[in-house]
Structures are given as structure tokens and as C-alpha cells.
Amino acid sequence: MPLWNIWHSPNTLNDKEKELIASQITAMYTSAGLPAFYVNVFFHPLPPSDLYIGGKPRSNFLRAMVQHIALRFEDRKDPVELQKRFLSATDRILAPICKKYGLDWEYHILETPRELWKINGLVPPPFGSSEEKEWFTTNKTSRKSEKL
Amino acid sequence: MPLWNIWHSPNTLNDKEKELIASQITAMYTSAGLPAFYVNVFFHPLPPSDLYIGGKPRSNFLRAMVQHIALRFEDRKDPVELQKRFLSATDRILAPICKKYGLDWEYHILETPRELWKINGLVPPPFGSSEEKEWFTTNKTSRKSEKL
Amino acid sequence: MPLWNIWHSPNTLNDKEKELIASQITAMYTSAGLPAFYVNVFFHPLPPSDLYIGGKPRSNFLRAMVQHIALRFEDRKDPVELQKRFLSATDRILAPICKKYGLDWEYHILETPRELWKINGLVPPPFGSSEEKEWFTTNKTSRKSEKL
């Protein structure tokens, strides 16, 4: 969590740009206090013969499907304002690279239950807890955390 | 939105057939008033060594995961009747091609929040609005729309 | 249903191990009475240049996204206890193979509406029904079932 699946036309993002996007996405979540390693960003190149928009093959498209688990808007104060800022931040990451390659881009977010989520066999510690802060600092799971 | 991810056994759908399926799927949504370019259909070939049904590798399967955002059944009048008709229309598209190749097919739909969805950095106009009609006619996003 | 999408670093699971995982996952559901063929397990190898954790490319990661349709925790007695046992059973399947290859692993589950799900053009019979028992025994859909 969060899990970003990004389908994109091939030959549009190079490895350096993918890593940059992934690190910018990660920064959105670490600034909210989430451990960096929670952030999964997966890229999937799709040739025009497998990518259809409006029924037509396309060679210049980027589509992200974002899943939020640990930190859901509905659990926060001011969810509407927070959503708006999050979507704007997402566009600030995607727009430059999409404009460079002439891609249209689209994304949507879904929010799934935190209680149905585990990492390395562990239930992640509660948001804002001292155990989570430890995971944030060490940037990895800690079995000790679960035993607390 | 809508986003169709279709995993299928390789060497079962050719490019022409994929485009036909994508255009038939698109027509289901444009007939409800949605702009054609809202409809994303992605195909993902999966070899038997990556596709297991009931624990066994399969070479003749098609699985669609459909995500609805802009137009959710629950927001419409008569959602139950509408769902039934939509599922039947989906089967009328998938059944002929699946029978041609001897594929079993399965699909499910999930519905996600409209307020967590953007295209080209824009919040899409409300369903049924005059701005949406403009997007339908031009078949592309319009920055003007957002400023209204 | 259920649909398991598993993204994993390439050269970490061989075909035999994938089939073993798929059959162990299937057994979790057949023991609850679901037909084996309901269980879809798809593997997707992702090279480090397409798989970023915390903004860094990774070559030793496994991520599962699980979708439950036919049998949702919320529809069962004791959903919390059931969830806990299910997550533990999942880890018992994934941990040995992930430890063998030095993979970190993560998964989450989402639950989607049963009424938006069909197989081979058929509405699957209700959970626990005699028709479902027939599908379980024959391990395939039966058009007769729908006509009942």
C-alpha cells in the first residue's frame, strides 16, 4: 500500500523517468508519515494492439490505477480538501512527463480495507503509532513491532 | 473510466478481433451518453505457465476485470434491471469470440468513487451536463470545460 | 472469483512453484465449499525497471492483489476471526517460497459485488446451494443450473 499500476504506451518512459516518477509518488506518501517501502509503483508497457481508447488502438496513452490501503481519505480530517490536493499533486507529477511524450493520461483511485492487508506476514502497525515511526525510520518491516 | 483489463490465453484473439471487442464495449457506453474516449480496454496475454484456474495451468481462458467510475449502477434509476441488461450485453460481446476459440470466460465489475478520477489533469464534467456533451461530440477533453 | 493477480520479480518462481502456489490457494477456497474452477491465479513477472518500492527499483519482491466476489468476509459469521485465519493461511502459502528466493512480500484483498459477476454467460448459483454443489463436483459451469 499504496499500489500504483501504471499502463503506458511503450517507448515513452525510460528507466530514469520511471524511477523519477516512482520517487515523486513515494514522496507524496512519506510527507504524510508513511514509510517509503509501503509505496509500490509498477509499470506495464502496452503496445497499441493491446491498448484501446474509445475502441481505437492508441500509442500515446498513460493510465494509472491507484489503490490506497493504509491511509484512506475517508479516515482523515477534511477528506474533500485532502483529495483535491492529492489529485493536484498527482497531476504535477504526471503532467510534465506526459506532455513531453504527447501522452493523454488518466487515473483513478480506489480505497480498500486496511484490515485485509499484510507485509512479510505482519499486520502493519497503526497509522501514527510509534511502531510505524520505527518502520518509517528503518524503512523496513520489523517483527518486533508485531509482538508489541 | 470505464477501465477494462482483459487477461487472455495467447494466440486466441487477433488484433482485428481485439479492436472489434473494444469498439463493441465502447458502444455500450456511448449509447448511455458517455464520451467514447472515456472507454479504456486493455488486453494482457498470459501463457499457461502464468494462468492457473482451479490450480491447473490453462491455455483457453479469458478473464475481464471491469472498473466503472463515471457511471455507476447505484447512481441510476432501476439499478438492478440496468445491471442485468449490462451483463447480458457484455456476454453478447464476449460469447462469440470465446466460443470461436474454445475459451471459458469470466468477468466481474467493481465501482469506484467518481471524485477520485481525473483525465489530462481535469475533473471530468458531471454526467449529463452540457460540458460532457461537448466532450462527447469532440471526443476529447477540453480545458475550457473545467473553467466553467 | 476469487481473482489473484501476483506481480513478482522475474527468475524467482519456476513453473512448478507457480502451480504449487496456485493449487494451495485453490485449496483454501475448495475447503470452504467453492468450486475449484472459481479460483483464478495469474502471475506477472516484472523486471526491476518496472517495479519500484519506495521509489527504488527492486529485483526481489512479490505483490498480490486479491479480489473476492463469491464469498465475502462480511457475508459470513465471525468475519473478523475468519479474516485472521485467512490471512494466516495466505502467509503460510507465500512465506516459504518468498523466503527461499529472498523476496519481500505484500498483499491486500478487496471485496466486490457478487451481483456483478458471471462465468461463461451464467449467473453462478448461490453460495451453499445444491446447484453450486453440482458445479463443485463436476468442476465446471452447467447451463442447466441457470435454468433451475
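Proteins come first, then strands; the chains are lettered A, B, ... in the order of their sequence lines, and each starts at number 1.
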Distance, nearest 0.5 Å, that separates CG of A/Asp50 from NE2 of B/His44: 8.0 Å
Proximal to chain B - members of residues 51-64 of chain A, heavy-atom separation under 4.5 Å: A/Leu51, A/Tyr52, A/Ile53, A/Gly54, A/Gly55, A/Lys56, A/Pro57, A/Phe61, A/Arg63
Any B/Glu115 side-chain heavy atom under 4.5 Å of A/Lys84 side chain: no
Interface residue of largest heavy-atom contact number with chain A, from B/Ile6, B/Asn139, B/Ile119, B/Asn120, under 4.5 Å: B/Asn120
Region of B/Pro45 that comes under 4.5 Å of a non-hydrogen atom in chain A: side chain
Between NE2 on residue A/His68 and CG on residue B/Leu116, distance to nearest 0.5 Å: 8.5 Å
Contact winner vs chain A - B/Val39, B/Asn14, B/Ile21, heavy-atom pairs under 4.5 Å: B/Val39
Considering all heavy atoms, the nearest A/Leu46-B/Phe43 contact: CD2-O, 3.6 Å
B/Ile69 portion near chain A, given a 4.5 angstrom heavy-atom threshold: side chain
Members of residues 85-112 of chain B whose heavy atoms come closer than 4.5 Å to chain A: B/Leu110, B/Thr112
